[in-house]
Amino acid sequence: MNESASGRPPLPKGWRRFLFRLPIWLFRARLGRLLGQRFLLLEHVGRKSGHLRRVVIEVVARDDPAGPSWTVAAGFGPQSAWYQNLRATPRVTVHVGAGRHDVVARFLSPREGGELMARYAVRHPRVARRLCAFMGFELTDGSPEEFRQVGTAIPFVRFELAGPGSAVCDGPDREP
């Protein structure tokens, strides 16, 4: 496994950004259930602006032995605005299907990310290969060990249900 010379893909701009943001409108129209459990809408607070922000992210793993959870990958790397915003304010809201959940973001260690990626590649080998290529990683043999190594370089975040009395992001517009 080698990370390509170009590194992470550039953040989407123009029409690509427009396409990436289209699923937000499904959630705003209360049609998030059409995306099933595979995608979630993350509502978070901008670390600089303080405004409510939204992004739709693919769920790479669901549930944890400790309870309901959703794990996502920062495919554009740790420079993604939503990832940096979570670092500043980890208490957020996610919408999955037709449900809304107040959660806390937990940042997985590189070791945990590696194990998660290896398991994901076993369940979704073609998608895992395409995701690695998209994120700038060149695979040589596609072995579990290679996916484990790639996973150590990808920032993963697990959203776990917030406990009673936990504060979540409060913005001027709480509607998805």
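- Taking R38 as the reference, E58 meet the side-chain hydrogen bond (donor to acceptor under 3.5 Å, both in side chains) condition, with sequence neighbours excluded.
- Q84 places no side-chain N or O within 3.5 Å of a backbone atom of A81 that could act as its donor or acceptor partner.
- The side chain to side chain contact (heavy atoms under 4.5 Å, CB included) search around F156 returns V60, T71, A73, L108, L116, M117, I154, not counting sequence neighbours.
- Within 6.0 Å of CZ in R111 there are 12 or fewer heavy atoms belonging to other residues, nucleotides or ligands.
- From F27, atom CZ reaches atom CZ of F39 across 9.0 Å, with rounding to the nearest 0.5 Å.
- Between the side chain of T152 and the main chain of Q149, a donor-acceptor pair closer than 3.5 Å is present.
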Exercise for review: Any chance you could lay out the side chain to side chain contact (heavy atoms under 4.5 Å, CB included) test for F137 and L131, step after step, and finish with the verdict?
Suggested key: CA-CA 9 Å; F137 296 98; L131 285 174; over 6 Å; no
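- Remark: the backbone N or O of H44 is not paired with any side-chain donor or acceptor of N85 at under 3.5 angstrom.
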Exercise for review: Show the numbers, then the answer: is there a side chain to side chain contact (heavy atoms under 4.5 Å, CB included) between R54 and L41?
Suggested key: CA-CA 7 Å; R54 294 180 181 94; L41 173 73; 3.9 Å; yes
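- Taking all atoms of both residues into account, the shortest heavy-atom contact from P144 to A118 is O-CB, 3.8 Å.
- With a 6.0 Å radius and a threshold of 12 heavy atoms from other residues, nucleotides or ligands, R123 has its CZ atom above the threshold.
- Between C132 and F147, the closest heavy-atom pair is SG-CE2, 3.8 Å.
- The minimum heavy-atom distance between R47 and A88, with the atom names listed, is CB-CB, 3.8 Å.
- In this view, V94 and L40, L42, W70, V96, H101, V103, F159 satisfy the side chain to side chain contact (heavy atoms under 4.5 Å, CB included) rule, not counting sequence neighbours.
- Taking the salt bridge (Lys or Arg N to Asp or Glu O under 4.0 Å) definition, one finds that R129 meets it with nothing, sequence neighbours left out.
- When every heavy atom of A128 is checked against every heavy atom of A121, the shortest pair comes out as CB-CA, 3.7 Å.
- L161 and P68 make their closest contact through CD1-CG, 3.7 Å (heavy atoms, listed as atom of the first residue, atom of the second, distance).
- Between the CG atom of L26 and the CZ atom of R33 there is a distance of 10.5 Å, given to the nearest 0.5 Å.
- Looking only at distances, a side-chain donor or acceptor of S49 sits under 3.5 Å from a matching main-chain atom of H51.
- The shortest distance between side-chain heavy atoms of R87 and F107 falls below 4.5 Å.
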Check your understanding: side chain to side chain contact (heavy atoms under 4.5 Å, CB included) between W82 and V72: does it pass, once the steps are laid out?
Key -> CA-CA 12 Å; W82 67 265; V72 300; 3.9 Å; yes
**Study point:** Worked check of salt bridge (Lys or Arg N to Asp or Glu O under 4.0 Å) between E115 and R148
**Key:** CA-CA 6 Å; E115 292 305 316; R148 188 173 288 108; 2.8 Å; yes
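- Listed by chain and number, the residues in a side chain to side chain contact (heavy atoms under 4.5 Å, CB included) with V122 amount to none (sequence neighbours excluded).
- Legend: residues meeting side chain to side chain contact (heavy atoms under 4.5 Å, CB included) with S143, ordered by chain and number and at least two apart, are D141, E145, E146.
- Between the CZ atom in R53 and the CD atom in E43 there is a gap of 12.5 Å [rounded to 0.5 Å].
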